[in-house]
Amino acid sequence: MSSSSSSSSPSCPKKMITLKSSDGETFEIEEIAALQSKTLESMIDENCASTPVPLPNITGKILAKVVEYCTKHAEVGADAESLRAWDAEFVSVDHPTLFDYILAANFLEIPTLLNLACQSVADMVKGKTPDEIHKIFNIKSTFTPEEEEELRRENQWAFD
Amino acid sequence: MSEAMRITDGGSDPRKSKEDEVVDRISGLPDSLLLHILSFLPFRCAVRASLILRPFRGLWRSLSSLSFEECDFHACRRGRSGAGEFLNFVEHVLALHESPKIHTFRIELNFHASGFPNPEFDGRGVMSNRLDEWICFALKKKVKVLDVALGGCARPMGAKPALHYRVPSAVLGSSNLVELKLKVCNIESLGQIHLKSLQKLSMFDVNLSEEVIQNLVSGSPSLKKVSLQYCHGLQVLKFERHPSLEELNVCNCVDLEKVDLASSGIKILAVYVGYPLSKIICPNVMTLELDGLQDDVNLDCGSSLNDVALYVSGFGDFLLERGVFLEYYEFKRLLKKLRSIAHFTLCNRSILVFSIWELNNQTCPSFNWKSVTMTLNLAKWHLPGISYLLEACDFLETLTIYVYPSNPEDIQRNTWDRACNFDGRSYWHSVQGTFHCLAHHLKNVMVYACVTEPYVIELIEFLLGNALVLEKMVISTKRNSKENRNGILYLADTSGLEKDYTSDMLLDFSQKVLSLPRISPRAVVHMAVC
């Protein structure tokens, strides 16, 4: 996690930032947690984060979870093992939500969340046949069986 | 999951509605994100996915971590190096790959198998030329992490080092390399070695010389860590002053007799001590890890040393034929030399040696260790060892124990059982006298991992009931690594047993612990079991 400020002394009140989702909901997040997002970090550095930050690409439902993620990962003294378990729980969600996390993490530049969600999707693809993958993710643009056969033939080297 | 989606998108409706398109989230992602997802798949899988899944079409050519493993293409132990399909795959990827830069290039194959079956055909020569081309490709793409592992699935150390593949000198002049891993190779320093970005160097079964190592280290001004395992050609490993080198791992280098870090600023040293290594000079080292230790080693350390870990994987069976235990005089001498180290880490077998000394009523030396960490496959016969430790460490302030299930495959179980004819559960009730550290110094106790294993709660009870100045006890199911710095497994594998701890068991355990009497009025117990 990159942070421009060193950890504050316990007596300082926690600095909060307000985020506004696409559907008008507002969320408060501690500045330290917000630093997980490179986008928010540069806003904080340039002092643009004093009024609610509008995030027109992210719904309230997803933003709530992103705030939860950042807050958890900003906690001091969490041990690696329990954080890993928490992360695994966090991405045990339906596919649309998982892709929403990917898009939100990409927009807000939160590399840990982006990697976590992408790894989850990759794990679902690993070891499955193309048919199974199409079904799991409801992929509409696919190759026809004939096209797929042709591709396999043309790229025999990859399928031996 | 897909069922839920079918319901919401009006599955039986044959008309293609906007809903349908929204539900296919993959096709809507930008290429950069699809590429990112692809990068989390094993390389060959990513290539295939990208060839036949339309949304990922073409993206594999921009992957920045390339990994080629011969074992993906054959049934191990019967396959030959140079299997046609494997070579074909590599050649195609290298020809079709597009990005100008890559981050990681990894190749794993059995180089020496290319010398078979036809001895008249120069199989190794042909393979060498191929490897030269492939590595050249990687260097041209400014590779940062280069991993050349030429043992494949063959038995380790099976081949003559003089016949290993010779790493091209271009590798030793790359300004982009940050990490270099070589296995079953030959390095000859024929030209200038200049690796200005190199931070990590790992070599396994590499044919070296003292001059080559000197040149490698002095030619790498950003070097932080060196790891040498089973390397040849080094009798003395001596390091001079270096701007950044701080860690050295050495394991079983076949000709190595001496490690001399007297003039070096290296702070962390991990050595697996095996014949003929008999002398280690490390006056500036702060963290030392020693493993093996079958033979005596002359250790010359200094006052900055404050963290020592002792693994004794080199100790074979604990007893002679007639059921009598070995005495381990050298080990005791080594421990006495290290008596003033502040932080000490001990493994299973070290504690078993303590048990032997305790059962043989050997007088206890005095150690000034302030903090001790142990990782144990806890069995009844470790208990005397723990008792010996508490007796020896008069000034112990912090005790940390990682508990794992007792090793059911331990072939010495019966011997230990006979030697320890006491009831493990009431062991602590029969312990005579008081321990100085419990009366005056022990403030923190941490018990981790498989805390519901037998004998743990009795130990906790004993400590809570006798540690007069105890301030904090932390009990949690968190685990530690099963490997040490040289990557040697020191725990009996317990991964299959993780499912045995139900939340009911843990709750029950928590309640028992919290109700145990505490002799120290300041003691606080933190439970983190879930």
Side-chain angles (χ1 to χ4, degrees), chain A residues 78-86 92-103 105-107 111 114-145 147-152 154-160, chain B residues 1-2 4-6 8-9 11 16 20-30 32-42 44-57 60 73 83-93 95-96 448-449 476-481 528 530:
Chain A
D79 73 273
E81 199 56 52
S82 49
L83 196 58
R84 243 193 303 270
W86 190 91
S92 305
V93 291
D94 60 39
H95 300 149
T97 310
L98 201 53
F99 288 110
D100 283 330
Y101 287 169
I102 290 180
L103 289 166
N106 186 45
F107 177 72
L114 181 63
N115 291 347
L116 178 66
C118 284
Q119 175 81 70
S120 260
V121 174
D123 288 343
M124 284 183 236
V125 169
K126 200 170 5 180
K128 304 258 184 355
T129 66
D131 248 354
E132 286 168 334
I133 297 172
H134 293 150
K135 278 209 179 64
I136 292 177
F137 294 109
N138 232 311
I139 299 179
K140 289 299 179 250
S141 61
T142 63
F143 293 118
T144 65
E147 284 172 327
E148 189 184 304
E149 189 53 46
E150 177 74 30
L151 282 165
R152 278 181 193 267
E154 277 172 20
N155 298 291
Q156 189 81 47
W157 56 270
F159 293 96
D160 278 330
Chain B
M1 288 298 142
S2 15
M5 289 204 278
R6 265 185 245 132
T8 52
D9 93 34
K16 223 192 184 151
D20 280 58
E21 281 160 43
V22 170
V23 171
D24 171 9
R25 301 298 302 276
I26 284 206
S27 306
L29 289 178
S32 58
L33 288 179
L34 290 169
L35 179 61
H36 200 61
I37 291 173
L38 220 51
S39 70
F40 287 96
L41 286 170
R44 194 170 167 221
C45 183
V47 173
R48 288 174 165 181
S50 173
L51 286 169
I52 52 176
L53 294 175
R54 196 188 270 263
F56 292 99
R57 194 177 17 170
W60 71 267
F73 292 81
E85 295 87 1
F86 172 64
L87 296 177
N88 205 17
F89 181 77
V90 179
E91 300 286 344
H92 272 91
V93 170
L96 298 170
Y448 293 132
S476 116
T477 46
K478 94 168 189 182
R479 284 151 185 269
N480 61 352
S481 158
C530 48

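When reading the values below, keep in mind they use all heavy atoms of this one structure, side chains included, and skip hydrogens, waters and symmetry mates. Just so we're on the same page: letters track the sequence lines, and every chain starts at 1.
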Measuring from atom [atom1] of [X] to atom [atom2] of [Y], what distance do you get when rounded to the nearest 0.5 angstrom?
X	Y	atom1	atom2	result
B/S39	A/N115	OG	CG	7.5 Å
B/W60	A/N155	CH2	CG	8.0 Å
B/I52	A/E148	CD1	CD	4.5 Å
A/W157	B/F86	CH2	CZ	13.5 Å
A/H95	B/D24	NE2	CG	12.5 Å
A/L114	B/I37	CG	CD1	8.5 Å

Show your working on side-chain contact (heavy atoms from CB on, under 4.5 Å) between A/L103 and B/R25 and close with a plain yes or no. CA-CA 10 Å; A/L103 289 166; B/R25 301 298 302 276; 3.5 Å; yes

Report which part of B/L38 has an atom under 4.5 Å of a heavy atom belonging to chain A: side chain, backbone, both, or neither.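 Neither part, no heavy atoms under 4.5 Å.
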
Nearest non-hydrogen partners of A/D160 and B/R44, listed with the distance: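 For A/D160 and B/R44, the tightest heavy-atom pair comes out as O-NH2, 2.7 Å.
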
Identify which part of [X] has an atom lying under 4.5 Å from any heavy atom of chain B, answering side chain, backbone, both or neither.
X	answer
A/I139	both
A/E154	neither
A/D100	both

Taking every heavy-atom pair that is under 4.5 Å apart, which of A/A158, A/A117, A/G127 has the most such pairs with chain B?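 Sorted descending by pairs with chain B, the first entry is A/A158.
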
If you count heavy-atom pairs under 4.5 Å between each of A/V121, A/L98, A/T142 and chain B, which one has the most?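 Top count of heavy-atom pairs under 4.5 Å with chain B: A/T142.
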
Does any non-hydrogen side-chain atom of A/D123 lie less than 4.5 Å from one of B/F40?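 When only atoms from C-beta onward are counted, A/D123 and B/F40 do not touch, as no gap falls below 4.5 Å.
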
Does A/K140 reach the side chain of B/S27, with side-chain heavy atoms less than 4.5 Å apart?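 They are not in contact (no side-chain heavy atoms under 4.5 Å apart), so the answer is no.
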
Taking every heavy-atom pair that is under 4.5 Å apart, which of B/E91, B/K478, B/R48 has the most such pairs with chain A?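 Counting heavy-atom pairs under 4.5 Å, the top option is B/R48.
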
